[in-house]
Amino acid sequence: MTIHIHNTLTAKKEPLQTLEPNHVKLYVCGITSYDYCHIGHARSALAFDMIVRYLRFRGYRVTFVRNFTDIDDKIITRAQEQQTSPEELAERFIGEFYTDMDALGTLRPDFEPKATEHIPEMIELITQLIAQGKAYEAGGDVYYVVESFPEYGKLSKRNIDEMQAGARISVNEQKRHPMDFVLWKASKAGEPSWPSPWGPGRPGWHIECSAMSRKFFGDTFDIHGGGQDLIFPHHENEIAQSEGASGCPYVHTWVHHGFVTIRDEKMSKSLGNFLTIRDILAHYHPEVLRFFIFSTHYRSPLDFSESAMQDAATGLERLYECIAAVDALPGGSADTPTLLPAEESGRLAAVRDRFVEAMDNDFNTAQAQGIFFDTVKSVNRLLSLLPAEPARADVAILRGTAATLKELAGIMGLLREDARTFLANRRTAKITGSGVDVPAIEALLAERDQARREKNWQRSDQIRDELLSRNIEIQDGAGGTTWTVKG
RNA sequence: GGCGGCGUAGCCAAGUGGCCAAGGCAGUGGUCUGCAAAACCAUUAUUCAUCGGUUCGACUCCGAUCGCCGCCUCCA
């Protein structure tokens, strides 16, 4: 089996081929650091976190590069608003980004280049383009000659004429052609600037990725990723710059993930409908967010809602409950005959293969989650059949399955906590959130326990209803009564 | 207007032409339980927006229609 990945460039799923055997060179567009990250950024980070982990799980060496855009119009504007310097603002939000990413538990990329630390590389690339007649200087700015690149539009499936028909291209007297885009901008007074052959200025947005990916990977690399909104113009322009300069193919596979929407609309600051990662994590465990994000294929839109998050939380708890039940199993006896039907043990043993098949198909995490639930169902079924002194062989199979489940779910960053701890913490979080009085509950339960011993069912049920009205749900088990907070 | 994508049960969501259309949430019946809860078992789309076409056979391919969304300006 080979991994198939959807390639935006060809609009097809293609078998993964790497330039170097078993080595994937992956570049992902990171954030422009001028504000807190929202769930859309979380989706991007988590999608590529999963992809990197999965490729490594499948035996690839992955070199993962993700940049920071730390100089940009928005940064300059925001810094002025906040009466600080662009450098300070950008650094601050890079720090906030790390805070969020660490909370989400994402892997650090192997390299995290910043635009401001690669100005010479950008100047060199621009110089090469000018030397080839593919860029020109005008009034301290440098522009790319779009018409010098006949394949312009091949990624976003557009052509220059059609786009000119749209009237939204700003008129700029400096440009020779309205679609020409800026590689280097002359700085205005008070703006950050770097010396260049064209005078003091700063880089255009697109050039940084071309220059930095070339630094780490050379002229051609395997996978370039980002959000679907980057396809045009950002990635289209990167292709024009890089292929224009090198004459080589820039990227083999383009991977673009879908948006997070709220009430089916794209999150955007102008609509005021965006939620930051820390907003979400204040209310939900990071794994709940991950579970929610991976419940839909990465290229599809994903609609955020409270109820969807609740479903995700319920689903994740179901997985953890199962793991916790297996963890609680006794060692088992060699004298007890095994109960596990061959069909069932075969199904459990197939989990890994089924998971790989789903994930090899363009990282189908939604299908993979379905396989987790299938597995949980099988495990629970067997658990419910197990006698007090189960067969050692059955226990071994269940423990092995639980371990596999944790390993595979770990690729999505799920089931990474100790199950009992997770469930206990979750209950604690709910208690804290709802202001439940634990000693009062314990007292009522003790009273109910006494009532039950006396077979005073009326009083016993009265207490249960009383607790339920406070959102406390109880479970009578062999080892006593436990309780959880609903919701 | 141009380009791209989507429309699968009450909700969410897989499905790379052909065994009964995954899975989750919610619902219903049952087992268990003093009664419950959890768990388990069973059940919930003769049908995949609509209409045509290709094919022995289509949710899967092609065309049209309707509806929704995104990009075309900064954007994950």
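Note that this is a predicted model, so its numbers are computed, not measured. Within every chain, numbering begins at 1; the chains are lettered A, B, ... in the order of the sequence lines, protein sequences first and strands thereafter.
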* Heavy atoms of other groups near A:Arg420 CZ, more than 12 under 6.0 Å ->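 Counting neighbours around CZ of A:Arg420, 12 or fewer heavy atoms of other residues, nucleotides or ligands fall under 6.0 Å, so no.
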Just to be sure I understand the rule, does [X] reach a base, reach only the sugar-phosphate, or reach nothing, if contact means heavy atoms closer than 4.0 Å?
{"X": "A:Gly227", "result": "sugar-phosphate"}
{"X": "A:His234", "result": "nothing"}
{"X": "A:Leu230", "result": "sugar-phosphate"}
{"X": "A:Asp374", "result": "sugar-phosphate"}
{"X": "A:Arg66", "result": "nothing"}

* Asked: Of the options A:Asn7, A:Asp362, A:Asn361, which is the one that meets A:Lys13 in a side chain to side chain donor-acceptor pair (under 3.5 Å)?
  ->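 Option passing the side chain to side chain donor-acceptor pair (under 3.5 Å) with A:Lys13: A:Asn361.
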Looking at [X] versus [Y], is the centre-to-centre ring distance below 6.0 Å?
{"X": "A:His41", "Y": "A:Phe97", "answer": "no"}
{"X": "A:Phe93", "Y": "A:Tyr36", "answer": "yes"}
{"X": "A:Phe111", "Y": "A:Phe64", "answer": "no"}
{"X": "A:Phe292", "Y": "A:Tyr284", "answer": "no"}

* Structure fact -> For nucleotides 2-21 of chain B, 5' to 3', base contacts (B), sugar-phosphate-only contacts (S) and non-contacts (-) with protein non-hydrogen atoms under 4.0 Å give BS---------SSSB-----
* Is there a stack between A:Phe373 and B:G23, judged by ring centres under 5.5 Å and planes under 30°? ->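 One would not call A:Phe373 stacked on the B:G23 base.
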